[in-house]
Number of protein chains: 2
Amino acid sequence: MRRVTLRDVAAEAGVSPATASRALQGSALVSEETLTQVREAARRLDYHPNAAAQSLRSARTGTIGVIVPDIRNPFFAEIAHGAERAAREHGLSTLLTNAEDDPVQQRQYIDLLASRRIDGLLLAPQGATADATLLRRTGLPVVFVDRVLDGFEAPSVTSDNEGGILRAVETLAAHGHTRIGYLSGPLSTSTGLQRHHAFLTARERLGLNADPSLIGFGNFQERSGDAIATQMLQEGHPTALLASDSLMTLGALRAMRRLRLRAGRDLAMIGYDDFETFELTTPPITCVIQQPERMGQLGIDLLWSLLCGTTPESIQLPVTFVSRESVCDAPHTHLREELS
Amino acid sequence: MRRVTLRDVAAEAGVSPATASRALQGSALVSEETLTQVREAARRLDYHPNAAAQSLRSARTGTIGVIVPDIRNPFFAEIAHGAERAAREHGLSTLLTNAEDDPVQQRQYIDLLASRRIDGLLLAPQGATADATLLRRTGLPVVFVDRVLDGFEAPSVTSDNEGGILRAVETLAAHGHTRIGYLSGPLSTSTGLQRHHAFLTARERLGLNADPSLIGFGNFQERSGDAIATQMLQEGHPTALLASDSLMTLGALRAMRRLRLRAGRDLAMIGYDDFETFELTTPPITCVIQQPERMGQLGIDLLWSLLCGTTPESIQLPVTFVSRESVCDAPHTHLREELS
DNA sequence: TTGTAAGCGTTATCAC
DNA sequence: GTGATAACGCTTACAA
């Protein structure tokens, strides 16, 4: 089954390939009549232009690469979705890849996408400065989304990590909690780092207990949230738990269930990022909500500006604090009340 | 910033472009010495081969197109993830696109991917026979995953929809339910159609109530599940609810919450597909579980066979029934017991 | 083992 | 308005 080429279309329409090309691109320099003839011919032959030849010639692909660390994490699925929508509105298509939280895979995908001559890259990065060098050498226009990479200057769409954590810790403190267990993400990500830092700052400012067993480091995956919560609940004696992403929140909830501890009664719990069912668990989970779909969309908009030659400003989106029912008072607060 | 081409690498290594090309492909016909020299040169210059030129010349792209109806549905995110993993193992990369439950977008993506000269297509299709024609005309090797398209013969990886629904209905019937409300997916999808048919068959075989108000049609999205459940619970008087995918299950749970009905006590509930938190809701939700990641992986394996020239057999995966706590006895069962 | 050269399908630059 | 024609960067006969 030989492929239909522009030559075939041109022959069918009785014009030269050059004219056919112009017609299909909607160039103004072609007569109304030949235009319709060429279009008709293309339709009849079911012509699909060869994108490889097009981009070889024009040095543009009309494709944006998107690299997320974990497509199964709903947060990043939303980002990908928002990005794809926005890209389509600009007439661009997206090449979505999933680095699976693996810096090596991330590097491979950067190489792959560079080979594919994407017009730009939307990246939720992980890893170290080595990757900044790699990234720089590709010469690609880059926009960061959610996370940024040290040592590489690029416009970014991030979210108010400090504000989100601060708000959560303040809320817990207001309920009398002083022993707050924090399930941190990896410090190798900018979000993990910022949130961790914000937690330390908030904790100090509010004079809360700084027992080191009240911080556990995970990898933003459910399993690590489970493991950290399990250990912490048995050894750190927290009266409240704060997780730094939705999957770790999920893991913590699973651990609590196993230990027969109920959020909102035996223990206060605040999650980061929403999850479809956090509203339907018992109790519904109080959490800090970001705007992942919007982040993806804005990321593409910034990239578009970049492609158009302007240097856009980075954007930091605000977070929302959604108070549901998983935050109870600290036990000693009850005591205090009973005594008074 | 001019791009580095094979010529540059060849010049740097002091050989011809042909030799450089051969060396970089690891051809056996090149001496050990020039091989390392070319590789070194490529590394030094940070050479990224131009995929457009490669595939223009070789008529292969090493890329598989994947079209899913809704990437935000965790079921399809898992499929995409499984597909990507498997593709990478075959040395292929994936171009993931999201049709957003829109046949028009699906068509656009088929065109787009055909233009990109993907080597094959993994498709979870929707829509009518018109799309079968379109698909056929692309001449692409296609494998269906999860769903199939009427009028287009292709290997597929599906799941035992009849078995899953049958098992769910039998379970409810065994608990004394005769008025089972069914939240159907769209009959324009093969899964929606098969499950609906299986529900009718099971219901008839078990002699259950066939009140038409006990079936509602949705679109596999949360909102439709909510709407259908809301109406059905107020007008159909079901004692049990069976939803046909996870998002509609979610919607039903939301509706029940609003109406202050609790699954496993006021009403039996069975979901289709698992959802991260169905285990953590109150009560945990009984459901039929599929194997989406495995479906994606097997889909790519079939496609690979297809690309290698063999015609693989279609695969139907079994489902698992996970009994949790959302299925209670029907009210009249209690009555009967009390009377006896 | 290596080099030369043709050509993949398209678009851009010329002329006409 | 339209048609030759040259290039884009690479692979692969074929020749050396």
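Predicted, not measured: the structure shown is a model, and the values here were computed from it. By convention in this document, chain letters (A, B, ...) are assigned in the order of the sequence lines, proteins followed by strands, and residues within each chain are numbered from 1.
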Ring-plane angle category for Trp304(A) and His90(A), please: parallel below 30°, perpendicular beyond 60°, tilted otherwise.
parallel
Audit row: Tyr109(B), Arg88(A), side chain to side chain contact (heavy atoms under 4.5 Å, CB included) steps and yes/no
CA-CA 11 Å; Tyr109(B) 275 125; Arg88(A) 198 176 33 245; 3.0 Å; yes
Would you name the heavy atoms of Phe76(A) and Ala124(A) that are closest together and state the gap between them?
CE2-CB, 4.0 Å
Here the distance between atom C1' of dG9(D) and atom CD of Gln54(A), to the nearest Å, is 16 Å
Any side-chain heavy atom of Ile71(B) sitting closer than 4.5 Å to one from Leu96(B)?
yes
How long is the line joining CZ of Arg3(B) and P of dG9(D), in whole Å?
10 Å
Heavy-atom contacts under 4.0 Å between residues 41-52 of chain B and DNA chain D, which residues?
Tyr47(B), Pro49(B), Asn50(B)
Using the heavy-atom set of chain B and a strict 4.0 Å cut-off, write down the first and last nucleotide of DNA chain C that makes it in, 5' to 3'.
dT1(C) to dG9(C)
Only one of Arg137(B), Arg107(B), Arg147(B) clears salt bridge (Lys or Arg N to Asp or Glu O under 4.0 Å) with Asp131(B); which?
Arg107(B)
Flag the pair Ile110(B) / Gln106(B) as yes when at least one side-chain heavy-atom distance between them is below 4.5 Å, and no otherwise.
yes
Going by atom types alone, do Gln126(A) and Asp102(A) pair a side-chain donor with an acceptor below 3.5 Å?
no
So, Asp8(B) side chain and Thr5(B) main chain: donor-acceptor pair closer than 3.5 Å or not?
yes
Tell me, with the steps shown, if Arg294(A) and Glu78(A) meet salt bridge (charged side-chain N to carboxylate O under 4.0 Å, His left out).
CA-CA 8 Å; Arg294(A) 186 144 176 70; Glu78(A) 290 283 344; over 6 Å; no
I'd like a table of atom pairs between the protein and nucleotides 1-5 of chain D - only N or O on both sides, under 3.5 Å - with the distance next to each one.
from: dT2(D); atom 1: OP1; to: Ser31(A); atom 2: OG; distance (Å): 3.3
from: dT2(D); atom 1: OP2; to: Ser31(A); atom 2: N; distance (Å): 2.9
from: dT2(D); atom 1: OP2; to: Thr34(A); atom 2: OG1; distance (Å): 2.9
from: dG3(D); atom 1: OP2; to: Ser16(A); atom 2: N; distance (Å): 3.0
from: dG3(D); atom 1: OP2; to: Ser16(A); atom 2: OG; distance (Å): 3.2
from: dG3(D); atom 1: OP2; to: Thr19(A); atom 2: OG1; distance (Å): 2.5
from: dG3(D); atom 1: N7; to: Arg22(A); atom 2: NH2; distance (Å): 2.7
from: dG3(D); atom 1: O6; to: Arg22(A); atom 2: NH1; distance (Å): 3.2

Given atom CZ of Arg7(B) and atom P of dG9(D), what is their separation to the nearest angstrom?
9 Å
Write down the atom of Arg116(A), the atom of Gly62(B), and the distance for their closest heavy-atom approach.
NH2-O, 4.0 Å
Measure the distance from CZ on Arg117(A) to P on dG9(D) and round it to the nearest whole Å.
8 Å
